[in-house]
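In what follows, a single structure is set out as structure tokens and then discussed.
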Amino acid sequence: MLIHIFGNPDLPFDALPVILLPRLKSALPEHTFRFTDPNELDLPLEHEDFIAIDTVDGLKAVREISLDEIAANAMRATTHDFDLSSYLTLVHKLRPHINIRIIGVPMGSNADTALPAIITFLSSSLRDTNKK
């Protein structure tokens with residue numbers, strides 16, 4: 001399964017998912033992790049799921065972010081977040097059967113704390129997705 005990694009490696013507060021990319025690849029080699037520019041995304045195919053990991057301001061712990069939360073916060077976000085939220089809203093409208101999962105990593109998280117939480121979340125989340 002393809003898992004998109006978002007973040008800006010040039011901004012320390014937004015770089016953790018990108019920093020964790022090699023460790024995620026090592027921990028979950030059966031999946032493909034890709035650093036993704038939100039401006040270069042293609043519309044997923046009808047049978048594809050869309051899974052992404054991104055830094056999210058205001059979170060206390062690694063957790064899934066709903067499309068409703070993304071849409072509600074889109075107008076106060078950065079250009080990156082606006083583009084990603086617009087893209088996800090479009091995907092949901094055009095391909096409503098695609099399962100969209102966004103794993104939010106709290107801004108300012110410690111890599112050694114966030115990594116096991118992400119791995120645990122992905123392991124259970126992807127196992128649940130594969131059962132469908």
Side-chain angles (χ1 to χ4, degrees):
M1 177 156 301
L2 175 61
I3 301 167
H4 297 275
I5 302 293
F6 293 99
N8 186 334
D10 297 326
L11 299 174
F13 62 86
D14 193 29
L16 188 56
V18 180
I19 292 167
L20 293 175
L21 182 56
R23 293 168 67 184
L24 287 165
K25 286 179 177 181
S26 178
L28 298 166
E30 66 276 16
H31 301 291
T32 302
F33 292 87
R34 181 184 303 150
F35 176 64
T36 305
D37 181 336
N39 296 312
E40 297 177 2
L41 285 166
D42 292 324
L43 192 63
L45 299 175
E46 191 67 42
H47 65 281
E48 290 179 323
D49 288 334
F50 183 87
I51 300 175
I53 301 172
D54 198 2
T55 307
V56 178
D57 190 20
L59 291 184
K60 303 264 189 248
V62 172
R63 71 173 179 87
E64 187 168 350
I65 306 298
S66 72
L67 285 177
D68 290 339
E69 288 177 275
I70 291 168
N73 292 312
M75 294 314 291
R76 67 169 182 80
T78 67
T79 303
H80 157 81
D81 295 324
F82 178 77
D83 291 342
L84 182 58
S85 65
S86 297
Y87 170 80
L88 294 174
T89 302
L90 179 64
V91 168
H92 182 66
K93 287 180 181 178
L94 295 176
R95 306 260 166 83
H97 301 294
I98 290 176
N99 186 22
I100 298 173
R101 310 207 58 181
I102 306 300
I103 300 161
V105 177
M107 199 170 278
S109 292
N110 175 293
D112 293 329
T113 303
L115 181 65
I118 294 168
I119 291 169
T120 299
F121 186 87
L122 280 174
S123 296
S124 65
S125 177
L126 295 176
R127 186 174 43 250
D128 293 344
T129 299
N130 289 335
K131 287 180 182 178
K132 293 179 181 179

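Side chains included, hydrogens not; waters and symmetry mates left out as well; all remaining heavy atoms used. The model shown is predicted, which means the values in this text are computed figures rather than measured ones.
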Can you check side chain to side chain contact (heavy atoms under 4.5 Å, CB included) on Leu67 and Leu88, steps first, answer last? CA-CA 8 Å; Leu67 285 177; Leu88 294 174; 3.9 Å; yes
What's the shortest heavy-atom distance between [X] and [Y], and which atoms?
| X | Y | value |
| --- | --- | --- |
| Ala111 | Pro116 | O-CD, 4.3 Å |
| Pro29 | Ser26 | CD-O, 3.5 Å |
| Ile3 | His31 | CD1-CB, 4.1 Å |
| Val105 | Val62 | CA-CG2, 4.4 Å |
| Ser123 | Leu28 | OG-CD2, 3.8 Å |
| Lys25 | Phe33 | CE-O, 3.4 Å |

What residues, two or more places apart in sequence or in another chain, satisfy side chain to side chain donor-acceptor pair (under 3.5 Å) together with Arg63? Glu69
Measuring from atom [atom1] of [X] to atom [atom2] of [Y], what distance do you get when rounded to the nearest 0.5 angstrom?
| X | Y | atom1 | atom2 | answer |
| --- | --- | --- | --- | --- |
| Thr55 | Ile103 | OG1 | CD1 | 12.5 Å |
| Tyr87 | Asp42 | OH | CG | 7.0 Å |
| Arg34 | Leu41 | CZ | CG | 9.5 Å |
| Leu16 | Thr113 | CG | OG1 | 9.5 Å |
| Ile5 | Ile19 | CD1 | CD1 | 12.0 Å |

Over 60° means perpendicular and under 30° means parallel, so classify the ring planes of Phe50 and Phe6, tilted if in between. tilted
hydrophobic_cluster_shared for [Y] and [X], side chain cutoff 4.5 Å:
| X | Y | answer |
| --- | --- | --- |
| Ile53 | Met107 | no |
| Leu11 | Leu20 | no |
| Phe13 | Val18 | no |
| Ile102 | Leu2 | no |

Is a donor on one side and an acceptor on the other found under 3.5 Å between the side chain of Asp14 and the backbone of Asn8? yes
Are the side chain of Thr120 and the backbone N or O of Ala117 linked by a donor-acceptor pair below 3.5 Å? no
Contact check, side chains of Ile51 and Ile100, non-hydrogen atoms, under 4.5 Å: no
Side chain to side chain contact (heavy atoms under 4.5 Å, CB included) for Leu115 and Leu24? Distances and angles first, verdict last. CA-CA 8 Å; Leu115 181 65; Leu24 287 165; 3.8 Å; yes
Please determine whether side chain to side chain contact (heavy atoms under 4.5 Å, CB included) holds for the pair Asp49 and Met1, giving the CA-CA distance in whole Å, both sets of side-chain angles, and the decisive distance to 0.1 Å. CA-CA 8 Å; Asp49 288 334; Met1 177 156 301; 4.0 Å; yes
Might you work through the side chain to side chain contact (heavy atoms under 4.5 Å, CB included) test for Thr32 and His4, ending with a clear yes or no? CA-CA 8 Å; Thr32 302; His4 297 275; over 6 Å; no
